[in-house]
Structure formats: structure tokens, C-alpha cells
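Remember, it's a predicted structure, so these values are computed and weren't measured experimentally. A note on names: the letters A, B, ... follow the listed sequences, proteins ahead of strands, and every chain is numbered from 1.
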Amino acid sequence: MFNEKHRAKFNTVPPYSFELTVHKPAGWWWSTPNEIFENDVLWTTARFNTRLYGLRLHSTGTRLKQTVHCKIFSDKRMSSREKGDITCAVKRALRVEEDISEFYTIAQKDKILREPVDDLCGMRTPAWPELFPALILAVTLQMAPMKRSNQMMDLLIENFGDKICFDGRTIAHWPSPEKIAGLTAEELKAKAKIGYRAQNLISIAQRLREGFPTADILWKMSPDEAKKELMTLRGIGDYSADIVVPGMGFPLDVWSAKIFSILLFGKEPESPRGAIPELKKAAEERWGRWRGYAFVYVLNDLPRISKRLGVDLTHF
DNA sequence: GCGTCCAGGTCTACC
DNA sequence: GGTAGACCTGGACGC
């Protein structure tokens, strides 16, 4: 039985939008695809140190002075250390303490970002509460259209995930590394239809179980160091590492390469995959360490950017 | 209905 | 160090 065991309150560095941070316009979730967001309240789940918790989050105030309120639900007693650790992890994943004023200064002078930062004022980039779900996302996005990636993720959660009931809601959560590490590739392929990715996911789960740097440790590294570490995992290359790395890289795939090629160079690339290195370089030169923010703001504002440009960027 | 093609990357063998 | 080819699966497409 999951009951409320702890409460916390987070002040935010303005501008901050709780709604846009946890419930992105493009449809991305904050912790699990099955979380519920209703009337500015998020019911979600997260696993810390092998234990699953229920979270109820909501905000008060305006984007210039916003507070996020968090209730933590557990089926076991929580020590004060556990409460402190989880509170820190949730706070970090909400990015409430991040000062993005430098990004806004750059964006307001930038032809591509000027309007998206107005449209999505206060939105923060993803900072996955847990490492393994972010790696599952990256692996299932590889070589597959979005519909198929969603099918793989849904089947992984349905067949190997965990479900908890708290605060009147039932939420299904991602499988644990322990669960996936114990499966055979044949079983994973048959039940989750993830094909050749099965062996990669099992290998990643085994590395995590055997002592891969935790999210805490990765956050303490420089982005380059963390990315290098992530790329030692089987099946995690440049693109996947950019999705998972703390602070968000610039994870260009052939879909987003077409969009950024139009925005940065004014035309569709002849070879989207071939254009990726050049586009990454251009983004780094233009937006520096804020390129991850540029990526997320553009891809979450495509309908409005398309309307302004008179070019449909949503059809790729 | 059936066959073919290929996708929102990564790894490996080969040069 | 650069690059072609293989990799699961299922949806889209042509016939």
C-alpha cells in the first residue's frame, strides 16, 4: 500500500514553467509515458536505488515566482536520508535551480529562437529522473519511426514494468535494470518486439546492475566526460548519448536534421544523415552550451514556427 | 492479399 | 580513420 511519506517545496529560478517542463507540447513525458497530468497536477512514478515511488507534483505562483510542491508516496517506511536523496533527485530533474537567463539573452537576439522563447517561456529541457528509462528511450528511438518506437516502449512497460497505485491513481513504470538483465534476448524480442535492440538493452541493464556511474555521478562530470562514459555502453552512440547526457546534448537524427537544416541553412539536406556533423557544428558555434535548449525549444514549437515561416516543418 | 522497401543509429569488418 | 553493410520488425506502398 503506497501512502504519503514525505512532502517538499521547491522555489524556482525565474522564468520557470512547471507545466511546460513536465508536460511538453510535443508530447514528451517527465518520468514515464503513463504519468497523468491534469489541471496542472502531475501524478508520476520514479525508481531510486531499486525502489519505486509515487510522486504528486503541482505548482503555485506565476512564471516569475513559481513554487513546485511535491508529495512522495512509498509502500515502506522512509529514512530521513532516503527522503533527502529523493527530494534532491526530484529537484534536479525539475531543473528548478537552473539559471537560464544567459540562454534567454542569446535567444532574444537570435532569429530562430526569438519567438520560441516567448511561446514557451520558462520551459526546461528534460533531465531524466533515472538513467535506465532514458537509455531505453534512446535505444527504442534508433532506426524506427515514432509509432514503432512507442510500440516498443509500451510493450516493454506492459510486459516487464511495474505498476503502482497511490493517491487514487494507478501508474505503470519502466522496467528495472535488474528485470531486463535477467531476461534472454529471445524473450525480450518476442514480448517487446525490439528486434536487434534486445541484446543491446540487456547488455546496458547488466552494466547498470554491475555498477555503471549513477545519474548523481554523471551530473557531477562535465557533459563531455559524461557523454564519453555513456558511449561505452553497447548500442549507445553519439545520438543516444546526447539524449541521455545530463544537461542535454544536441541529439540530431535524420528527422531533426531536416528541420534544423531548413532553419540554419534555408534548405532541406540532400543527405540528412550526412548533414548531421555539419549541423551539429553550426549549432555549437551559434548556441554554444545552450544548444540543447535551442533543440528542445525548436522541436516543441514546430507548429508555430511553421506558421511564421510559411513552411510546414511538422510533416517530416 | 502479397511482396518489397526502409525507417527519428550503431557496430564491425575491411580497406 | 573512413566507410559499406548488417541488423529486428512492422507499416507504407505498389501491384
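If you check every strand for non-hydrogen atoms under 4.0 Å, A:R197 touches a base. Residue contacts for A:S149: at a heavy-atom cut-off of 4.0 Å it reaches no nucleic acid atom on any strand shown. At the heavy-atom level, A:N200 lies nowhere under 4.0 Å from the strands shown. A:L252 comes within 4.0 angstrom of no nucleic acid atom, judged by non-hydrogen atoms across all strands. At a threshold of 4.0 angstrom between heavy atoms, the contacts of A:L233 are confined to the sugar-phosphate backbone, with no base atom among them.
Atoms OH (A:Y196) and P (C:dG10) sit 14 Å apart, rounded to a whole Å. To the nearest angstrom, P of B:dG8 lies 19 Å from CG of A:D242. If you take CD1 of A:I204 and C1' of B:dC11, they are 13 Å apart, rounded to a whole angstrom. As a whole-Å value, the separation of A:K189 NZ from C:dC7 P is 10 Å. In this structure, A:W255 places its CH2 atom 10 Å from P of B:dG8, rounding to the nearest Å. At whole-Å resolution of the value, CD1 in A:I276 and C1' in C:dG2 are 17 Å apart. Counting to the nearest Å, the C1' atom of C:dG11 and the CG atom of A:N150 are 14 Å from each other. For the pair A:Q142 CD and B:dC11 P, the interatomic distance rounds to 8 Å; values are reported in whole Å.
Counting only heavy atoms from C-beta on, A:Q151 has its side chain closest to C:dG11 among C:dG11, B:dT10, B:dG8. Side-chain proximity of A:S240 to the nucleotides B:dT10, B:dG8, B:dA7 is greatest for B:dT10. Each of B:dA7, C:dT9, B:dT10 was ranked by its minimum atom distance to the side chain of A:M143; first place goes to B:dA7.
Between the C1' atoms of C:dG2 and B:dG8, the separation comes to 24 Å (whole Å). Comparing the same atom, P, in C:dG5 and in B:dC6 gives a spacing of 14 Å after rounding to whole Å. With both ends at atom P, the span from B:dG3 to C:dC8 equals 22 Å, rounded to whole Å.
When each of A:D119, A:L313, A:V117 is checked for a side-chain contact (heavy atoms from CB on, under 4.5 Å) with A:D301, only A:D119 meets the rule. Among A:R51, A:H6, A:E4, the one residue that satisfies the side-chain hydrogen bond (donor to acceptor under 3.5 Å, both in side chains) test with A:S74 is A:R51.
A:K24 places a side-chain N or O within donor-acceptor distance of the main-chain N or O of A:R124, the cut-off being under 3.5 Å. Side chain of A:D110 to backbone of A:I106: no donor-acceptor contact under 3.5 angstrom is found.
Applying the ring pair (Phe, Tyr, Trp, His ring centres under 6.0 Å) definition to pairs two or more places apart or across chains, none involves residues 183-224 of chain A.
No side-chain donor-acceptor contact under 3.5 Å links A:T214 and A:D216.
C:dT9 is paired with B:dA7 under the criterion used here, namely a Watson-Crick or G-U wobble arrangement in which both key atom distances are under 3.5 Å.
Map A:M231 and A:S256 each onto its nearest nucleotide of DNA chain B; the residue landing nearer the 5' end is A:S256. Toward the 5' end of DNA chain C, the nearer of the two residues A:M152 and A:K147, judged by each one's closest nucleotide, is A:M152.
Listed pair A:R273 / B:dG9 meets the phosphate criterion, a side-chain N or O lying under 4.0 Å from OP1 or OP2. OP1 or OP2 of C:dG10 lies within a sub-4.0 Å distance of a side-chain N or O belonging to A:K193.
Scanning atom types as modelled, one donor and one acceptor separated by under 3.5 angstrom connect the side chain of A:R148 and the base of C:dC8.
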